[in-house]
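Source: prediction; values computed, not measured. So you know, we letter chains A, B, ... as the sequences are listed, proteins then strands, and number each from 1.
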Amino acid sequence: MADFVLYLRLFQYGFRRHSTYLAAALAGAFTNTVFGVLRAYVLIALWQARPGLAGYTLTEAVTFCFLTQGFIGPMQVFGRGLSFGDRIRSGDIAFDLVRPAPLLLWSLSEDLGRAAYLTIARSLPPAIAGAVMFTLAGPASPWFVLSFVLGIVVSFGWRYLVTLAACWTTDDRGTHTLSALLTMFFSGMVLPLGLFPGWLRTVAESSPFAAMVQVPADVWLGAEAAWSTLGFQLLWALALLGLGALLTAAARRKVVVQGG
Amino acid sequence: MGDYLLLAWTWARASAQYRASFAVSIVSSFAINALDAVAIGIVFTHVTTLGGFSLREVMFLYGTGGLSFALADMLFGNIERLSQHIRAGTFDTMLIRPVSPFVQMAADGFGAHRIGRLAQAAIVLGLSLPVVPWSRAWMVPVMIVCGVVIFTAVFTLGAALQFVLVDAPELANAFTYGGVTLTQYPLSVYGDQLVRGVTYVVPLAFVNWQPALYVLGRPDPLGLADWLRFASPAAALLLSAAAALAWRAGLRRYRSTGN
Amino acid sequence: MIETMSLGRDFKVRGVVVAAVHDLTFRVEAGEFVGCLGPNGAGKSTTIKMLTGILAPTRGRALVAGLDPARQRKALARRIGVVFGQRTTLWWDLPLRDSFELVRLLYKVDRDRFRTRLAELTEVLDLGPFLKTPVRQLSLGQRMRGDITAALLHDPEVLVLDEPTIGLDVVAKAEVRSFLARLNAERGTTVLLTTHDLGDVERLCRRVLLIDHGRLAFDGSVAELRALVPGQESIEDVVAHLYLSSTPAAPRTPRRTPDADPPTVTA
């Protein structure tokens, strides 16, 4: 019970910490919207030439575009790490690793708070603007909500690993860029994964990145059966969180026992 | 200008000392920007023309827009960090120096690592060159220079905006990075209103679209006047004048409101 | 060398105009060493910003080295040196030596003069051991010595320091103080510093300006300042007494705190 209260507090803290930057979030939402409009026109040109491409109608393709623009904030598609990255650089991470509450759950609660705030501040504006300017398809399934949350958890699991990797590298810029690159490309953020050719499509669709963006969008569009897609997301979420727990233990050994 | 070159050179030399992270930065900026080009490649596995333009022609647009942007970004892109400097108080330390804060900021941490973006755009442009007829090749360097000026002006306007919106620097990205994204595709794919907007209001159409219509010998899909395709230098000058005024006004405001 | 005439500065805080500095008039002659005291938010930093050209005054005017800071900022920059104790003017990622090279380029100091000056300062301030260290790895004391050097490479006539000893340990403090005293005595550089450290004032300043609620509350020597509150032993108690007895209701200078970067995501 006490644990639950702690994590609830952390969730609230993550929410509040981000809500102090309302102007920044709105500016981000505006930029996401502008990019959404630009991407939408390219997709419209493509779908007008090849209707039904990747199994989407034109309306679904445009909907996909604005949904994924809305995912940028909560799913952190540009691969930014978690807030404890700075504490690894400064060495303060040692204090976090010896706390009685595990770092993984601690930062997951905080990150969910962040995502909750950004869903309001950064996901809704592009979606509303898109619906005003273009015709969008409504959600096909109530399971979208669960799929959306799982997408955030998978994104967290991935970013947790990337951030924690800094315990073993001297310069973490390389890993962060690589993470951003993989996330943007294989999540469906650049183009719907259904457009990818042959084997690239297979690889992308089975990656954890697809579970962050492509899959929740497909659940919204009703493109796939909810059960198999949710199962896919759940599997990746558990796998990444499990790896995260193992890596945390390794980090504790390295930082606390060996002293960095 | 001399100040700028000396400062930038000192910075580039200093940053090259950290060889490992320097190389990582170059490779990352190359790869991140190559994603857009890969996306175009994937689009063209499904169609032969987009908005009425072939793959080579789209690559020409992508290459010219991208190269102009990469140069502007490398030389002056750092001014987009204005709000960071204001919040950290480092902008004040620039004001106690006898060189314009614009020059100091542009040269600050001079982005030699942005060579990655430059190389990527140059390669795509190089591959597209077979679509350019010899008799019209002279326009290519002209449009790239005008594009650099226009993007620099857009960066400056974005920075000037940050004097007012210190907490929302990301707003400028819609125009800078949004601008380069816009110019990477033929404007014929976008809606008429949007094209008119970027022709007459924020003149991004003059970065590459209008001059490219001349180079590729295409009629304007919107039926806009033919002389517009030679108007890039004028558009670049007008926009720079507006940007310079905005920057001055922003700086005056900063010094008189004490943000 | 420094002159202010009814200098005043207002800020707008949530739509209400608040005067951070009222009607400030004083004069500092060439070669003087003046300390500027005042509680937090009294208007010291605002005054320094107006004297260095960072901020334009709302009323009145200032003359520093014969120039108007508001209108002739760049010309003034060549004639004055400025040090902020709370933030560095050096480049965080560069070795100290490279920071100095950038300062040389900014101020167009010729190479020979730069070399001689840097050699002198390196010796006096004992910079040798960390010239090649990136600024972010320097201790606070080392960084402050680096900052002071950077402010003096172009040989300014006036040196303005905003809380130069803040956060320094006793040894570093003593080094900085003795250097500033020598600079003033040997080169005749006019020095104006703001501080909360009364040790700075007692050991360095022949003259003290006390700014409170944006007004000049006292201008005189340290001895005269002491005489103001008879019966108090230490200068600290004297100043504390003066701060406490001043009208507390008046508005304070709004201070913009540099907070952490908002979590932004680029598009």
Counting a contact as any heavy-atom pair under 4.5 Å apart, which residues of residues 100-116 of chain C contact chain B?
C:E101, C:L102, C:V103, C:L105, C:L106, C:Y107, C:K108
From C:H154, C:R78, C:R79, residue fulfilling side-chain contact (heavy atoms from CB on, under 4.5 Å) relative to B:P98:
C:R78
Under 4.5 Å to a heavy atom of chain C? For B:S83 that would be neither
With a 4.5 angstrom heavy-atom cut-off, which part of C:P57 approaches chain B: side chain, backbone, both or neither?
neither
Should we count CZ of B:R81 as having more than 12 external heavy atoms under 6.0 Å?
yes
Residues of residues 142-150 of chain C near chain B, each having a heavy atom less than 4.5 Å away:
none
Of all heavy-atom pairs linking B:M94 and C:R73, the shortest is O-NH1, 4.3 Å
Shortest non-hydrogen contact from B:T93 toward C:T88:
CG2-O, 4.0 Å
What's the separation between atom OG1 in B:T90 and atom CG in C:L90, rounded to the nearest 0.5 Å?
12.5 Å
Taking every non-hydrogen atom, the tightest pair across B:R97 and C:T89
NH2-O, 2.9 Å
How long is the span from the CD1 atom in B:I96 to the CD1 atom in C:I80, to the nearest 0.5 Å?
7.5 Å
Mark yes when over 12 heavy atoms from residues, nucleotides or ligands other than C:R87 sit less than 6.0 Å from its CZ; otherwise mark no.
yes
